[in-house]
Protein chains: 2
Amino acid sequence: MKKAALTRLNILQKAFELIYEKGYQTTSIDDILASTQVTKGAFYYHFKNKDEMGIAIINELLKPTLSSNFIEPLQNDENPIETIHNLIHHLLIENDFLKVQHGCPVSNFTQEMASWNQDFSNALNEITQLWITTMIEIIERGKLKGLIRNEVNANQVTMFVMSGYWGIRNFGKLDKNKLVYDTYLTELKYYLETLK
Amino acid sequence: MKKAALTRLNILQKAFELIYEKGYQTTSIDDILASTQVTKGAFYYHFKNKDEMGIAIINELLKPTLSSNFIEPLQNDENPIETIHNLIHHLLIENDFLKVQHGCPVSNFTQEMASWNQDFSNALNEITQLWITTMIEIIERGKLKGLIRNEVNANQVTMFVMSGYWGIRNFGKLDKNKLVYDTYLTELKYYLETLK
DNA sequence: ACAAAAACATACTATTTAGTATGTTTTTGT
DNA sequence: ACAAAAACATACTAAATAGTATGTTTTTGT
């Protein structure tokens, strides 16, 4: 990788970490410069302004991460009910990249930016839709295989599951304890079983 | 009501509106002064600093509102399944105080403040627990009445429902369309029916 | 090797921010 | 009525902020 590309990537990664911990608005460019050892000239060479960097974080960091952690685990699916439960379990429990006290980065970004910056909204919508359509697909496949009842509405189930995930991620920020994840997961399991 | 108390209440209400629309960090004290026509001297007479005002919004505005909109509707309950569905339906669809593009104030506050201000965390936890314990109670009552299966874990169900509500509120900020609420509500209804 | 462009560095600016210092006015108890 | 306290008003400050102006250094193609 070229040196300049490394600088850019370094900015995106360190900025993401800060934003994940402190929020977008409260992470200053000077914070990012201090954390990356990059100078202001370099920063503004790579990004027109702070918002352009924010969008780049979504498109160039979150999107690939989401693909490998949220989408791919769904691809090689045998049984949707197990697959979905395993995915959420993996994201909440095993995954140690995301911290309970800091929630879900996509959800955080949405909360903070969606209502007053359409560029952020669009970028976030794109990666969220990616997850939604994939989950709908595997539920539909499950219906064809007879593993899920035919009356089940795949879109509804997907929205319901995704909402729960975002919600418990946010509730975790209050509780600051992974135990709430267990509580949630147990009930999610029961719910998913009712789709049989 | 005394004049001074009115000033204080006016600050809290206008500040809440601004914060609900723009977020806590991005709402400046000067914004609040402009919106209330109150001077800085008056503001700092009533509040030691910005955070104290934020906590006061939670305790003196959100808490009572939550009581009348989230707790009381649960009190005169006959059938938990209907009551819970009606409550969430009311909050998401009929209620026109909350806007789809701005989400749930308590959820927003949690997202923005919980991880780095323990005072906010405590205040938010308190009013959230209020909702949780009430919902647990009516589920337990439903079990005694035979309206809900005995194996159902009231705490799990409550966390599951609350997560969904917070999550769909946040997803609404992305979608900016109340239709996602309908999708969610339909599936919530199916889920609640499985508790019978 | 060397010109041009890319990549980075430094110093600065204009605004915005929370908060303070120091007043004046209004209310309240006696 | 009047002193004391409560309530409010104005002008200021120091720090933080996003962004710019103007450089220097490094890389790249020929």
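Note on naming: letters A, B, ... go to the chains in the order of the sequence lines (proteins, then strands), and numbering restarts at 1 for each one.
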Check your understanding: What one-letter contact string describes nucleotides 12-30 of chain D from 5' to 3', where B marks a base within less than 4.0 Å of any protein heavy atom, S marks contact via sugar-phosphate atoms alone, and - marks no contact?
Key -> -----SBBB------SS--

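Nucleotide C:dA9 holds its C1' atom 14 Å from the CD atom of A:Q37, rounded to whole Å. Going from atom CE of B:M53 over to atom C1' of C:dT17 covers 14 Å, rounded to whole Å. For B:E52 and C:dA18, the CD to P distance is 15 Å, given to the nearest whole Å.
For residues 145-170 of chain B, the salt bridge (charged side-chain N to carboxylate O under 4.0 Å, His left out) pairs, not counting sequence neighbours, are B:R149-B:E151. Pairs passing the side-chain hydrogen bond (donor to acceptor under 3.5 Å, both in side chains) check and including a residue from residues 123-136 of chain A, sequence neighbours excluded, read A:K63-A:E126. For residues 8-17 of chain A, the salt bridge (charged side-chain N to carboxylate O under 4.0 Å, His left out) pairs, not counting sequence neighbours, are A:R8-A:E60. The list of salt bridge (charged side-chain N to carboxylate O under 4.0 Å, His left out) pairs with a residue in residues 186-196 of chain B, not counting sequence neighbours, reads B:K189-B:E193, B:E193-B:K196. Counting only residues at least two apart or in different chains, salt bridge (charged side-chain N to carboxylate O under 4.0 Å, His left out) contacts with residues 77-104 of chain A comprise A:D77-A:R141.
For B:L144, there are no side-chain contact (heavy atoms from CB on, under 4.5 Å) partners, not counting sequence neighbours. Residues passing the side-chain contact (heavy atoms from CB on, under 4.5 Å) test with B:D31, sequence neighbours excluded: B:L18, B:K22, B:T27, B:S28. Considering only residues two or more places apart in sequence or on other chains, B:D175 meets the side chain to side chain donor-acceptor pair (under 3.5 Å) condition with none of them. Here A:Y24 pairs with A:D51 under the side chain to side chain donor-acceptor pair (under 3.5 Å) rule; sequence neighbours left out.
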Review point. DNA chain D in dot-bracket, Watson-Crick or G-U pairs under 3.5 Å, [ ] crossing, | other strand?
Key: ||||||||||||||||||||||||||||||

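OP1 or OP2 of D:dC8 has at least one side-chain nitrogen or oxygen of B:H46 nearer than 4.0 Å.
Of all the residues in residues 6-22 of chain B, not one reaches under 4.0 Å from DNA chain C with any non-hydrogen atom.
Using cut-offs of 30° and 60° on the angle between ring planes, the pair B:F109 and B:F120 is tilted.
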